[in-house]
Amino acid sequence: MNFQSNTKANFKVVGTRVPRPDGVDKVTGRALYGADFNVPGMQVGLILRSPHAHATINSIDTSKATALPGVKAVVTSADLGVPEDESLRDVQDNCLARGKVLYDGHAVAAVAAKDMATAKAALKLIKVDYTPLPHVTDVDAAMKLDAPVVQEARADESVPEGCGPNVTHYCEFGHGDLESGFGMADLILERSFTTAATHQGYIEPHACVASYGTDDKADLWCTTQGQYFVRDLCSGILGIEGSQLRVTASEIGGGFGGKTTVFIEPVALALSRKAGRPVKIVMSRVDVFRATGPTVSSSMDVRIGMTKDGRITAAEAKLRYQGGAFPCGTVDMGAQAAFAAYDLKAVRTQGWNALTNRPKEAAYRAPGAPMAIYAVESVVDELCQQLDLDPLDVRILNAADAGTKSSYGPTFDQIGLMATLEAAKEHDHYHAPLGENQGRGLSCGFWFNFGGNTSVSLAINSDGTVSVTEGNPDIGGSRASISMMAAEELGVAYEKVRTIITDTSSLGQNDVTDGSRVTFAVGLATIKAARAAIRVMCGRVAKIWGIDEDAVVWEDGAAKPSGPNAGDFEPMTLADIAAISSETGGPIAGHHEVNAEGAGVSFGVHLADVEVDPETGATKVLRYTVFQDAGKAVHPDYVEGQMQGGAAQGIGWALNEEYIYGDDGRLQNAGFLDYRIPVASDLPNIDTVILEIPNPGHPYGVRGVGETPIVPPLAALSNAVSRAIGVRLHELPMSPPKILKAVMAKG
Amino acid sequence: MVSVKLWGSLRDLADGQETVEVEASNFKELLDALAAKYPALKPQIDRGVSLAVDGLVYRNSWFTEIKPDSEVVLMPYMKGG
Amino acid sequence: MKNIHVSTTLNGDDAEFVCAPEETLLDALRNRLGLSGAKEGCGTGDCGACTVEMDGRLVCSCLVLGAEAQGAQIKTVEGMAIGEALHPLQQAFIDHAALQCGICTPGILVAAKNLLERNPDPTDTEIRYWLAGNLCRCTGYDKIIKAVQIAAADMRGA
Amino acid sequence: MQYMKPSTATEASDILARNEGAARILGGGTDLLVQMRSGMIEPEMIVDIKHLDGITDITAEDGGLRIGAAVSGQRLGEHEGARAMWPGVVEACELIGSTQIQGRCTMAGNLCNGGPAADSVPAMIAAAAVARIEGPKGARDCPVEEFVTGPGKTVLGKGEFVSSIFLPARPKAASDAYLRFIPRTEMDIAVASAGVNIVLADDGTIKSARVALGAVGPKVVLVADAADAIIGSKLEDPAITALVRACEAAASPIDDKRGTVEFRTTVVGVLAKRAARIAMDRAQENATGEKT
């Protein structure tokens, strides 16, 4: 039979809305998350953090803490080596400061003690002698030539002469002749924007239990988006071999990119090594905000030229991002994504990254894209307003499509942007009447999507059931979609399949659950693993029937003769074959290991209706609709869930969420009270329209869907607010004081 | 020969060219050839690059086949959330 | 530090535990009584992940002392299902994909159950305001509200 | 640390007096436990007052209502009599925190915390509520507007605690309302707030009024000029304009992470205007028995 990939059209399981296999565990409280895991003899680990935005550490005196009864270990960066690899060194220095503290909340030392009270008392006994240094938290201030220097000599070779000392990276993308393009425009608008740093805001704080033996064998249980990456980082930092550190991922209480690195795990391992006992660290919410990765904050200039009939003639963006106290390349992705939705003859984006005294940036859902696209989509909207053009028609007129040379270089293959725009145009939301103080905004969004390293093992059990083993934590129902694809390929009932997520010692490498990769890449590997098992089963049946292996085909969950010439045999089902596997050659399994490519980009379009109270500046979201190309939607409920959840995060970013630093460089709102993520009563129902334009890179046509939906809400909300109040804001979040100020300034 | 399109900030490191030509039949040969011909590109290649071949983005697959008429675009190594 | 002996009723059963005076009910449930369904998301009453019922009222168990449970009736997510039968809310949450990561789910289920016992036929707006203290970062709340409505209809019919 | 559960007011007062500075009252605990958690306070003793006689009761008294210090927001909201008589106070108390916080928080605790943004306090001050204080020398009463002396500071002396809040009797043609502004729809601290209490004359004009503003100064303020602006009116436009001006003039807020001086000053006037209109509608309905 033919095992080549093909894009399947008729599905039995894929596309249905089956109950997720971990559902009962998660509605009964039985599921074990990071902080729910305990081992005997466990000590409590606590981390001492910097009260300064920027300071030299002259000395750390841990003697009194070490001497406190009940304290089992105290560690500082002196207990770790200095990794050669620069990015690993940055990760380590972020987990325990070396020489300088670089931001408010930067970890300095840690203790392990018999209980929380002792650990707290021990932290107070650690004496750190600091010399405070000048600090900088704003990106534009950090870019200046005379800005306080966060870290010396961190610029890479891309940074041109003449940049300030905190600029670590520069990038530029685009094609065509900008000046002649702008020359053809009837209207050119140039606008500047800023966006605040936002946090992923997962409800589960980071937590882990480390158990390090005197034989340098260690186990780590933690909440993470990628146990393998945690293993690689921790074994590098601790200087132990990867095989000797087994990392098991707990159930994960949200990540959104923020759990793609380590913060406490190497510290817990170092404490456990020194204490000779298991150590558990659970971060407080305050520490999560102060010391784990928010996204970048940005300052941006966008210039776009348009003809009076709505054709964009040239477009340019300058993006300045800060990603905290360590170099980061997020601006690369913003600069590439900024104009992805448009078919442009002349386009250029430039990006700069600057260091600031803020926590090290971590990935957050489509990292780098939301802010850049917000700026672009705001200017496109204003051009439409000034030229009196329909904003959706203008998007359709300029939309990227198959064959478009994208703003970041490659020529697009099949993409779903036009279909989503047309779906939005046909939808009744776009034509519904609006009342006083109400406005409608729209925005396109884009994300690249990735594949990546993936290993899947699939066993056919002798009772005719199927066990799938994979290595990517299930954040939003992926066990269900993986089981569905296995069932689909094997032709068995969904209920016959159970998918489990295993530890780093039990399966080959799996990249982090990021880049909207899991349903795509793990699904692909699962389908291929199932095909490998089918090949074994067909071989067994061929022997039983005494015919050629090629004369056996797999259909509807059973091996059948390929045609009348192959012979007349009763089909043998998977269960029939499994039951006699020990007699026919032993256990039957399939596996697949791949660095999956061909993920396929994803586009979305969002429509938002808002009402602004002109006397208070309060914005109420009245109606919201998400249109997105999902490729084949394996489990439509969870595809819709990604679209709704991303939209809600983007709405929070647009309206209220922000990192607020005081003049002292300290974070002022490290808690859910003043870091305001949307609550249930803030939001309307979020309607979804799934477009299914198959991805040719996946056997079932699957595309990643998780990240794109956070991108459009920023501009959709800003465009809606500006149309509601008749004046445009150029700053996120659009908190009520800013909106009221704009309304009052308008008069 | 394969034509490789460089992103803007790499062009200064490759004698100002937007497109460079190298002899390569796959991703790995292409990276090696680029680094040999334009040593200034090596730091970025070592940090990681992705490659778009005929519109599909590959993050680091050495043996991805490249045909002489393929559209090849170098991109920064990408990460997601 | 003098530990306190506490006798309470937990999901209908007598329960006893010893806790430190400053120890929260949440810590007592998780560390003394072995029930980890209530989660700590913030420790300051701002996220609702630790929601339990105490004498018929919803509380953030992170803002209640363990000592205060003396003589009280405490109900947690672990008490919602009866034997093999899930509570209609639990079933609706599974059937209608009202959870993604699931960390907020126990708190939301306890809060929603308390609402439906007071108001069997709430409006969407009433559900949204009742659950405003239960943060969910994954779902955008849409499917949660719908699942509560479906469970409410189911319970009215039952 | 110790956890104490006194059963009489004398016992409670005695414990507090003997442990001055080291003991803290536990009512609903929704502020206390947050402060303990953050390390802001480290009490040596916690005095749980929920077991004192009458402390969880709502009782009729002299035509008004006495609300025990441990009555939760949700319980107050369930009390039909309280809702009917002082809807503004009840709705203010119901705005303290989430449903879960409502199961525990109390008006007395909200008051004793001494914060300028406490939701129930402007409504209580507008209502001319009176705090009953128990102490070593027995009970004494203190008008709520005199209770807080500065941010986090109150009139409570050694061994004293609040045992109840008294909401006075009121005529039929009267009502109150409370509004606050928060950036979200729930779960935030008030950025500005206003409580308005009015009594109507037979001709439908406002006979007397009290207007209190929150989060626009170091403590909640009772603004006599704002009340004067609407007394004698039926909230016609000039009276409303005068009310807004008086509130803006009385506001002396700060810039912080929750709002700016400009924003708070503007919005507190808007809230006072809107609260006055709601109170007026309610009072007219009470006077005529008809919905307006």
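Given the structure is predicted, the values throughout are model-derived calculations rather than measurements. Here is how names work: the chains are called A, B, and so on, in the same order as the sequence lines, proteins then strands, and each is numbered from 1.
D:Phe181 contributes atom CZ, which lies 7.5 Å from atom CG of A:Asp613 (distance to the nearest 0.5 angstrom). If you take CE on A:Met744 and OG1 on D:Thr266, they are separated by 4.0 Å, rounding to the nearest 0.5 Å. D:Ile189 CD1 to A:Leu673 CG: the interatomic distance, rounded to the nearest 0.5 Å, is 4.5 Å. Of the inter-residue distances, the one linking A:Thr616 atom OG1 with D:Ile182 atom CD1 reads 11.0 Å to the nearest 0.5 angstrom.
No salt bridge links D:Arg258 with A:Glu658; every basic N to acidic carboxylate O contact stays at or beyond 4.0 Å.
There is no contact between A:Thr619 and chain D, counting heavy-atom distances below 4.5 Å. Only the side chain of A:Ile660 comes within contact range of chain D, with heavy atoms under 4.5 Å apart. The contact between A:Ser681 and chain D is made by backbone and side chain atoms together, counting heavy-atom distances below 4.5 Å.
Annotation: maximal heavy-atom pairing with chain A below 4.5 Å, among D:Lys257, D:Glu262, D:Glu186, occurs at D:Lys257. Chain D forms more heavy-atom pairs under 4.5 Å with one residue of A:Val286, A:Val679, A:Asn669 than with any other, namely A:Val679.
Counting only heavy atoms from C-beta outward, the side chains of A:Ile677 and D:Met187 never approach each other to under 4.5 Å. In this structure the side chain of A:Glu615 reaches within 4.5 angstrom of the side chain of D:Lys273, judged on heavy atoms.
Shown here is D:Glu44, whose CD atom has no more than 12 heavy atoms of other residues, nucleotides or ligands within 6.0 Å. Within 6.0 Å of CD on D:Glu236 lie more than 12 heavy atoms contributed by other residues, nucleotides or ligands. For NZ of A:Lys620, the number of neighbouring non-hydrogen atoms (other residues, nucleotides, ligands) closer than 6.0 Å is 12 at most.
Taking each heavy atom of D:Pro183 and A:Pro736 in turn, the nearest pair found is CA-CG, 4.2 Å. For A:Pro737 against D:Gly259, the heavy-atom pair with the smallest separation is CG-CA, 4.4 Å.
In this structure, the side chain of A:Asp682 engages the main chain of D:Thr185 through a donor-acceptor pair within 3.5 Å.
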